[in-house]
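I have placed the structure first, in the form of structure tokens, so that the comments after it can refer back to it.
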Amino acid sequence: MDKITDLAASALNALYGVDMNNPAIQLQKTKREFEGNLTLVVFPFLKDSRKTPEATAAEVGEYLVKNSSLVSSFNVVKGFLNLSVAETSWIEQLNAIARDEKFGFNEVTEDSPLVMIEYSSPNTNKPLHLGHVRNNLLGYSLSQILKAAGNRVVKTNIVNDRGIHICKSMLAWMKWGDGVTPEKAGKKGDHLIGDFYVLFDKKFKEEVALLEKLGKTKEEAEAASSLMNEAREMLRRWEAGDEDVHSVWRMMNSWVYAGFDETYKRLGVDFDKIYYESETYLEGKEKVLEGVDKGVMYRRPDGSVWADLTGDGLDEKLLLRADGTSVYMTQDIGTAKLRFCDYRIDKMIYVVGNEQNYHFQVLSILLDKLGFSWGRGLVHFSYGMVELPEGKMKSREGTVVDADDLMAEMISAARETSAELGKLDGCSSEEAEAISTMIGLGALKYFILKVDPRKNMTFNPKESIDFNGNTGPFIQYTHARICSVLRKAAESGIYIPLQAQEDTEISDKEVIMIQRLGEFRNVLKEAAATYSPALIANYVYDLVKEFNQFYHDFSILHEADEKKRALRLLLSANVAKVISNGMGLLGIAVPERM
RNA sequence: GGCCCCGUAGUUUAGUGAAUAGAACGUCAGAUUCCGGUUCUGAAGGUCAUGGGUUUGAAUCCCGUCGGGGUCACCA
């Protein structure tokens, strides 16, 4: 296809003197209802040809047929030049795909660009919820895609392990926890800590209500709350390095991390390097003071430090409080500094929700001003909220969907559906469990990754687990079916070739399948360039649908013509391979039987 | 109010300059079952929120309007 694009360029150049690098020279797939495989739109070149669209297209078509054996024939519809590609080149293309186990994937070398991608970024005072699930899936998939496109990738996680919210959980545990541990409670550590966070909030509200009854306003009551003051005092002691506070803090955080690790493992995501805010939050200060010296930032009379971004069309932004302590932005600058010391980053991607668009706009400008080479080009991979059919999740109303619960529910829903359909008959209980897990998580992941990340989305568990339509299970099922066909063939002693014969006759349907397979390389490239897992998901689904139509028209196992049967088996095997490669980029497992 | 994002069949959505806007779920009518209640074909359903503009060509780019969300903290 790239070759033919070059041919078209040289044709246009030879005939009309069009610049070879003119971006309008693009071939697209011919629409199904027209004859041909590739289409060139000639409208943009009429200025140069000084002829009608039809005449121009015909002239280019004739030139291509005459000068290249790749183009066998052409037809013209208005300004659209539809080219047919020679039969032998389709077989060649299929054989090239068959030879290449990781078809479409680029090699990563020492010299490949280094991309760091930050995702997940949990707080240590509560377990992960549905919003984190979208974040984690997008971050992980993106890192897989970028790696496949030929980048060195460092997956990183910044854990927010300090601050008033952790102190609230700690205080509640010390006051009412009675020495409970995750083991004693039989509960994951992150859930246990989350419960104490909720308990704090409850007790705090009770106290405020009591004070309000005694005649205080809401604001006065909140300020006078002894609980909240104790929490603040604990934060002060933590910052002062108080060993009693730190030992409780370390212990409780270790419980949370054990819980997170379990969740991450189940979700199938991981990290190469984890940063902790407790270790980075002081780092930004130095960099900011450096900025003051350089004149990038300035100090106000009260001692606070600000950056004036009105020149960039934004506001002024606080970076250090009058008492010299850091704010969120300062910490991000500090983390950036540490990261750049650890890795020679070419590009930095932050996977963070769209409520922080403004923050990252500012961060990009500040990092640039402070001299980070990747600051201006940093990518805020911004995604929308996840809602449920019942409506928005609100932590105050307890309608937050917990990540662990959600995964468990998806898996048991998959188990039920599979059992109903009789798919688990004859499986051992371990097999049944493994399959249910693959399907349940595949449904969840696919449903979330197939939609445009920028958009808010509604996650519908019931719809996602469907075995039909644009769902993970449907794609997994198709893969399993192809594997099953290949197994059957092998059992019957039918030879599955590694290459198709050059002289095998090839039908339109087969051409379409090969063309579709061949697109994977470009889709991957584009997905990496636009940071779009959804592109991969929709490609794989289209491939699956196309395959089902193809498969339906033939009796693969009972084909009399040996060469033809070989071609179809080879084609099927490669469809399975590309499905598996594509789904792998989304972090979704494809079972060989289900 | 300023700034940012979104608005496409009943629903979930694809398509960011090209041919008659493409699917899926649901609905209706058929076919197939060769490997499994999972397959296929067809129908109905869209003034792409809306009004202008640019272009040979606009869901897509520009301007306005309406609707939804976010953000504008010495929170993270």
Side-chain angles (χ1 to χ4, degrees), chain A residues 24 26 28 30-34 39-44 46-47 52-53 77-80 82 121 123 125 158 160 162-165 277 281 300 302-306 313-315 317-332 352-362 382-385 387 389 392 417-418 420-423 425 447 450-452 454-460 462-464 466-471 473-474 476-478 480-482 484-485 487-488 530 534-535 537-539 541-542 545 547-559 593-594:
Chain A
Q26 273 176 16
Q28 44 194 283
T30 302
K31 290 224 166 195
R32 207 182 267 288
E33 55 267 37
F34 300 100
T39 296
L40 177 73
V41 181
V42 301
F43 290 113
L46 301 184
K47 285 190 276 322
T52 62
V77 182
K78 290 190 275 184
F80 300 90
N82 302 321
S121 313
N123 289 351
N125 64 325
I158 171 90
N160 180 11
R162 61 165 285 278
I164 190 76
H165 47 281
E277 234 180 65
Y281 84 109
R300 285 191 181 169
D302 66 357
S304 57
V305 174
W306 295 72
L314 302 170
D315 290 330
K317 185 80 197 168
L318 175 92
L319 292 166
L320 288 177
R321 299 184 183 106
D323 63 7
T325 56
S326 301
V327 294
Y328 178 39
M329 187 65 73
T330 324
Q331 292 174 26
D332 259 353
V352 180
N354 63 10
E355 70 274 9
Q356 292 194 31
N357 286 354
Y358 180 74
H359 173 82
F360 281 98
Q361 210 182 335
V362 172
S382 158
Y383 61 90
M385 317 184 69
E387 287 165 27
K392 259 190 197 171
T417 312
S418 304
E420 250 172 60
L421 296 176
K423 287 189 194 311
D425 300 351
F447 198 91
K450 76 173 176 180
V451 309
D452 184 343
R454 282 172 306 178
K455 293 181 180 173
N456 288 353
M457 68 170 297
T458 306
F459 175 69
N460 187 334
K462 206 173 275 173
E463 222 170 272
S464 75
D466 203 325
F467 276 59
N468 265 316
N470 193 356
T471 63
F474 177 68
Q476 291 173 317
Y477 171 70
T478 304
R481 235 176 64 226
I482 298 174
S484 168
V485 168
R487 261 198 313 273
K488 272 263 157 74
T530 57
L535 219 53
N538 286 303
Y539 165 80
Y541 177 63
D542 282 346
K545 245 184 355 166
F547 177 78
N548 277 328
Q549 285 172 27
F550 164 79
Y551 177 74
H552 182 253
D553 280 8
F554 305 115
S555 143
I556 293 184
L557 293 177
H558 301 169
E559 172 64 57
R593 54 180 92 215
M594 68 184 261

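Proteins get letters first, then strands, A, B, ... in listed order; numbering begins at 1 in each.
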Whole angstroms only, please: what is the [atom1]-[atom2] distance between [X] and [N]?
X      : N     : atom1 : atom2 : value
A:F447 : B:A23 : CZ    : P     : 20 Å
A:F360 : B:U71 : CZ    : P     : 14 Å
A:K78  : B:U56 : NZ    : P     : 16 Å
A:K317 : B:C72 : NZ    : C1'   : 9 Å
A:E463 : B:C25 : CD    : C1'   : 6 Å
A:Y539 : B:G22 : OH    : C1'   : 17 Å
A:N354 : B:C72 : CG    : P     : 13 Å
A:F467 : B:G37 : CZ    : P     : 13 Å

Using the six-membered ring for Trp and the full ring for Phe, Tyr or His, decide whether A:F80 stacks on the six-membered base ring of B:A19 (centres under 5.5 Å, planes under 30°). yes
Stacking between A:Y541 and B:A23, defined as ring centres under 5.5 angstrom apart with planes under 30°, is that present or not? no
Give me the distance, rounded to whole Å, that separates [N] from [M] when you measure between the [atom1] atoms they each carry.
N     : M     : atom1 : result
B:C74 : B:G69 : C1'   : 27 Å
B:A21 : B:A49 : P     : 15 Å
B:C5  : B:U11 : P     : 26 Å
B:A19 : B:U65 : P     : 31 Å
B:A29 : B:U56 : C1'   : 43 Å
B:U16 : B:A73 : P     : 37 Å

Taking only side-chain N and O atoms of [X], does any of them lie within less than 4.0 angstrom of OP1 or OP2 on [N]?
X      : N     : answer
A:N468 : B:G26 : no
A:K488 : B:C35 : no
A:K455 : B:A14 : yes
A:R454 : B:C6  : yes
A:Q549 : B:U41 : yes
A:R481 : B:U33 : no

Watson-Crick/G-U partner (both atom distances under 3.5 Å) of B:G2: B:U71
Answer for the Watson-Crick or wobble partner of B:A9, both distances under 3.5 Å, is none
Does the side chain of [X] pick up a donor-acceptor pair with the side chain of [Y] at under 3.5 Å?
X      : Y      : answer
A:T325 : A:R321 : yes
A:S382 : A:N357 : yes
A:Q356 : A:Y328 : yes
A:R162 : A:N123 : no

When you get a sec, tell me which of [options] is the closest nucleotide to the side chain of [X]?
X      : options             : result
A:D302 : B:U39, B:C74, B:U8  : B:C74
A:T30  : B:A19, B:A18, B:U39 : B:A19
A:N82  : B:C35, B:C74, B:A19 : B:A19
A:N470 : B:C74, B:G36, B:A24 : B:A24
A:D466 : B:A19, B:C25, B:C35 : B:C25
A:V451 : B:C4, B:U13, B:C40  : B:U13
A:F43  : B:U56, B:C4, B:A76  : B:U56
A:E277 : B:A76, B:C40, B:A19 : B:A76
A:D315 : B:A76, B:C25, B:C72 : B:C72
A:N548 : B:C35, B:C40, B:A76 : B:C40

From [atom1] ([X]) to [atom2] ([Y]), nearest 0.5 Å:
X      : Y      : atom1 : atom2 : value
A:L40  : A:F80  : CG    : CZ    : 10.5 Å
A:K450 : A:N470 : NZ    : CG    : 4.5 Å
A:T330 : A:L319 : OG1   : CG    : 5.0 Å

Over all strands shown, is [X] touching base, sugar-phosphate only, or nothing at heavy-atom distances under 4.0 angstrom?
X      : result
A:V327 : sugar-phosphate
A:P44  : base
A:L535 : sugar-phosphate
A:D452 : sugar-phosphate
A:Q361 : nothing
A:D332 : nothing

Looking at the base of B:A19, is there any donor atom on it, or on the side chain of A:T39, that sits under 3.5 Å from an acceptor on the other one? yes
Starting at the 5' end of RNA chain B, which residue's closest nucleotide do you reach first, A:S484 or A:G469? A:G469
On the ring face of A:Y383, is A:R454 found with NZ or CZ under 6.0 Å from the centre and within 45° of the axis? no
Between A:V451 and A:A534, which heavy-atom pair has the shortest distance, and what is it? O-CB, 3.9 Å
